[in-house]
Visitor: 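Mind having a look at this structure? Questions to follow.
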Amino acid sequence: MGLYDGVRAGFRGTINATCRPTVVGLHHVPTEGPFIVASNHLSFLDSIIIQALMPRPVAFFAKAEYFTTPGLKGRAMKAFFESVGSIPVQRGEQAASVAALDALVEILESGAAVGIYPEGTRSRDGRLYRGRTGVGWLALTTGAPVVPVGLAGTERLQPAGKKTVTPHHFTLTVGEPLRFDHVGPKHPLPARRLATDRIVDAIAELSGQERCDAYNQAPVAE
């Protein structure tokens, strides 16, 4: 936790000094016990921003390649993502995705917090896409409250396809926690969809984005 707190504090200071973000609603974050952060997704930097600015640590998924890339750059990436509590997941493999969700359950059962993007991948056009039901499954399986987060302007920090980061003002808004019945992992699919839709509706209210009823798809190159 010492390394995590140090990395987190360092990024928080850098973000506050260079971007001067507007952060609203941090008092909604539970002071104890597990919770799920559910956010819209506009930038590669979103997870780092949320991890840095939230008052409690939040574990996010990260692409498995960030942990397995060879060479000095690969070792540096692995050390960074491990230091901020990221969880490796192999994209496009259902078994790996299920295992990753199980890993989030373990973290929540330990009393900690996890983060998830219901859209699954970054929005390239700024719209908020239909939520995939993993977040609904997680909420109903664990009974942990879901803290909706709306990000606005983070796409300007590092536009898709760009490798450089340009400091820019952005807004992070935290909403009131959403609570669902703790029904365990075996629950009907319609309940999972309803929970997911309720979560995405809350995110939309915070982010102010135009909605899209389709699922977002990652570019082939990602």
Side-chain angles (χ1 to χ4, degrees), residues 1 3-12 14-15 21 23 26 29-30 34-69 76-93 96-123 129 131-139 141-142 144-151 154-155 157-158 165 170 172-175 177 196 199-200 203 206-207 216 218 222:
M1 288 303 296
L3 177 59
Y4 182 100
D5 288 340
V7 172
R8 207 163 138 245
F11 273 97
R12 184 187 307 119
T14 300
I15 291 168
V23 181
L26 290 182
V29 178
F35 65 93
I36 302 163
V37 170
S39 175
N40 61 325
H41 196 12
L42 300 169
S43 168
F44 165 78
L45 297 171
D46 290 341
S47 298
I48 297 171
I49 288 168
I50 292 172
Q51 287 170 317
L53 298 182
M54 281 286 175
R56 288 178 57 193
V58 178
F60 270 93
F61 288 143
K63 290 192 295 186
E65 300 93 288
Y66 294 150
F67 296 81
T68 59
T69 301
M77 283 198 302
K78 180 181 179 181
F80 168 76
F81 284 103
E82 286 181 343
S83 72
V84 295
S86 297
I87 305 163
V89 62
Q90 189 70 45
R91 286 191 178 189
E93 295 186 10
S97 297
V98 170
L101 282 173
D102 287 339
L104 294 188
V105 171
E106 291 183 10
I107 294 172
L108 290 168
E109 289 179 343
S110 75
V114 302
I116 190 168
Y117 299 114
E119 294 171 278
T121 190
R122 284 175 285 167
S123 171
Y129 284 79
R132 298 179 184 275
T133 57
V135 65
W137 179 88
L138 195 61
T141 296
T142 65
V146 178
V147 177
V149 168
L151 295 168
T154 59
E155 73 281 1
L157 298 173
Q158 187 180 22
V165 176
F170 64 87
L172 182 153
T173 306
V174 181
T196 299
I199 292 165
V200 175
I203 294 171
L206 300 171
S207 70
N216 196 10
E222 278 204 352

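Everything numeric in this text was worked out from a predicted model, so none of it was measured.
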Visitor: What pair of heavy atoms forms the shortest contact from Ile116 to Gly134, and how long is it?
Guide: CD1-C, 4.3 Å

Visitor: Got a second to check how far Ile199's CD1 is from Thr133's OG1, nearest 0.5 Å?
Guide: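 Nearest 0.5 Å value for the CD1-OG1 distance: 10.5 Å.
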
Visitor: If you round to the nearest 0.5 Å, how far is OG of Ser207 from CG of Leu172?
Guide: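 Rounded to the nearest 0.5 Å, the CG-OG separation comes to 11.5 Å.
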
Visitor: Do the ring centers of Phe61 and Tyr117 come within less than 6.0 Å of each other?
Guide: no

Visitor: Any chance you could lay out the side-chain contact (heavy atoms from CB on, under 4.5 Å) test for Ser123 and Glu155, step after step, and finish with the verdict?
Guide: CA-CA 9 Å; Ser123 171; Glu155 73 281 1; over 6 Å; no

Visitor: Which heavy atom of Ala38 sits nearest to which heavy atom of Val146, and what is that distance?
Guide: CB-CG1, 3.8 Å

Visitor: A side-chain contact here means heavy atoms from C-beta on lying under 4.5 Å apart; do Arg132 and Pro118 qualify?
Guide: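 Result no, sub-4.5 Å side-chain heavy-atom pair not found.
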
Visitor: Gln51 side chain to Val58 main-chain N or O, any donor-acceptor pair under 3.5 Å?
Guide: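 Yes, because the side chain of Gln51 sits within donor-acceptor range (under 3.5 Å) of the backbone of Val58.
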
Visitor: Quick one: does Leu151's side chain get under 4.5 Å of Ile50's, heavy atoms only?
Guide: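 Touching, per the 4.5 Å side-chain cut-off.
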
Visitor: Stepwise, does the side-chain contact (heavy atoms from CB on, under 4.5 Å) test hold for Ile15 with Phe170?
Guide: CA-CA 10 Å; Ile15 291 168; Phe170 64 87; 3.7 Å; yes

Visitor: Within this structure, what is the CD-OG1 distance for the pair Glu109 and Thr141, rounded to the nearest 0.5 Å?
Guide: 9.5 Å

Visitor: Are Ile49 and Leu157 packed together at the side-chain level, in the sense that at least one heavy-atom pair is separated by less than 4.5 angstrom?
Guide: yes

Visitor: Minimum heavy-atom separation for Phe67 to Lys78, with atom names?
Guide: O-CD, 3.6 Å

Visitor: Taking the side chain as everything from C-beta on, heavy atoms only, tell me whether Val147 gets closer than 4.5 Å to Pro30.
Guide: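 Contact flag for Val147/Pro30 side chains = yes.
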
Visitor: Output the distance between atom CZ (Arg8) and atom CG (Leu53), rounded to the nearest 0.5 Å.
Guide: 9.0 Å

Visitor: Just wondering, do Phe44 and Arg122 contact through their side chains at under 4.5 Å, heavy atoms?
Guide: yes

Visitor: With rounding to the nearest 0.5 Å, note down the distance linking CG in Leu108 to OG1 in Thr142.
Guide: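 Spacing of CG (Leu108) from OG1 (Thr142) equals 5.0 Å.
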
Visitor: With a 4.5 Å limit on heavy-atom distance, are the side chains of Phe60 and Ile87 in contact?
Guide: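 The answer is no; the side chains never approach within 4.5 Å.
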
Visitor: For the residue pair Met54 and Val149, establish whether any side-chain heavy-atom pair is separated by less than 4.5 Å.
Guide: yes

Visitor: Which heavy atom of Ala52 sits nearest a heavy atom of Phe11, and at what distance?
Guide: CB-CB, 4.0 Å

Visitor: First locate atom OG of Ser47, then atom NE2 of His41, and finally report the distance between them rounded to the nearest 0.5 Å.
Guide: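 The distance works out to 5.5 Å.
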
Visitor: Trp137 versus Leu101: any side-chain heavy-atom pair under 4.5 Å?
Guide: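 SC-SC contact between Trp137 and Leu101 confirmed.
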
Visitor: Closest approach of Thr154 and Leu42, non-hydrogen atoms and distance?
Guide: OG1-CB, 3.5 Å

Visitor: Using a distance-only test with no angle check, is there a side-chain donor-acceptor pair under 3.5 angstrom linking Thr121 and Tyr129?
Guide: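 Side-chain D/A pair, Thr121 to Tyr129: absent.
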
Visitor: Determine the minimum heavy-atom distance between Ala64 and Pro88, stating which atoms define it.
Guide: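 Nearest pair, atom of Ala64 first, then Pro88: CA-CB, 4.3 Å.
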
